Amino acid sequence: QVQLVESGGGLVQVGGSLRLSCAASGRAFSSYAVAWFRQAPGKEREFVAAVSQYAWSTDYADSVKGRCTISRDVAKNTVYLQMASLKPEDTAVYYCAARYRGTTRIGAAYEYWGQGAQVTVDS
């Protein structure tokens, strides 16, 4: 099966930037839609951003639109989430997820999940 590994998390100051990476195993990963979700302590998991197969389209949650960019490198089987102007409310564990279908904001629709990467924005 497809394995997803997140990296790039860490501690960043308010207003700073960070780039998360989601590296995937498996062939034809560009055929999968990939999304980023996040979950803060005591809160529900929420959708952040998604990129379609072959990067035909992207989707962003209102809370991050204009501050985040999702992209993919086909040759490296990697999807990125570039975050800027970070706020304390961005603090969460970030997960990447993939499915062999079009993008959706519903987490349960995604078949494959990474282990998560902690992002902490100090206040």
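Just so we're clear, the structure is a prediction, and the values are computed from it rather than from any experiment. In what follows, every heavy atom counts, from backbone to side chain, and hydrogens, waters and symmetry copies are set aside. Positions are given from 1 along the sequence.
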For D90, the side chain to side chain donor-acceptor pair (under 3.5 Å) test, sequence neighbours excluded, returns R38, R67

Might you confirm whether atom CD of Q118 has over 12 heavy atoms from other residues, nucleotides or ligands at distances under 6.0 Å?
yes

Gap separating the OH atom of Y110 from the OH atom of Y100, nearest 0.5 angstrom:
15.5 Å

Among the clusters formed by ILVMFWY side chains lying less than 4.5 Å apart, do V34 and W113 turn up in the same one?
no

Separation of L4 CG from E111 CD (nearest 0.5 Å):
10.5 Å

Should L18 and V64 be counted in the same cluster of Ile, Leu, Val, Met, Phe, Trp and Tyr side chains packed under 4.5 Å apart?
yes

Do R72 and T78 come close enough that some side-chain heavy atom pair is under 4.5 Å?
no

Would a line drawn from the ring center of W36 to the ring center of F47 be shorter than 6.0 Å?
no

Passes side chain to side chain contact (heavy atoms under 4.5 Å, CB included), L20 versus V119? Steps please.
CA-CA 9 Å; L20 297 176; V119 173; 3.9 Å; yes

Are any side-chain N or O atoms of T103 and backbone N or O atoms of S52, one a donor and one an acceptor, separated by less than 3.5 Å?
no

May I ask you to check whether over 12 heavy atoms, not counting those of R101, lie within 6.0 Å of atom CZ?
no

Is Y80 reachable from Y112 through a run of hydrophobic residues whose side-chain heavy atoms are each under 4.5 Å from the next?
no

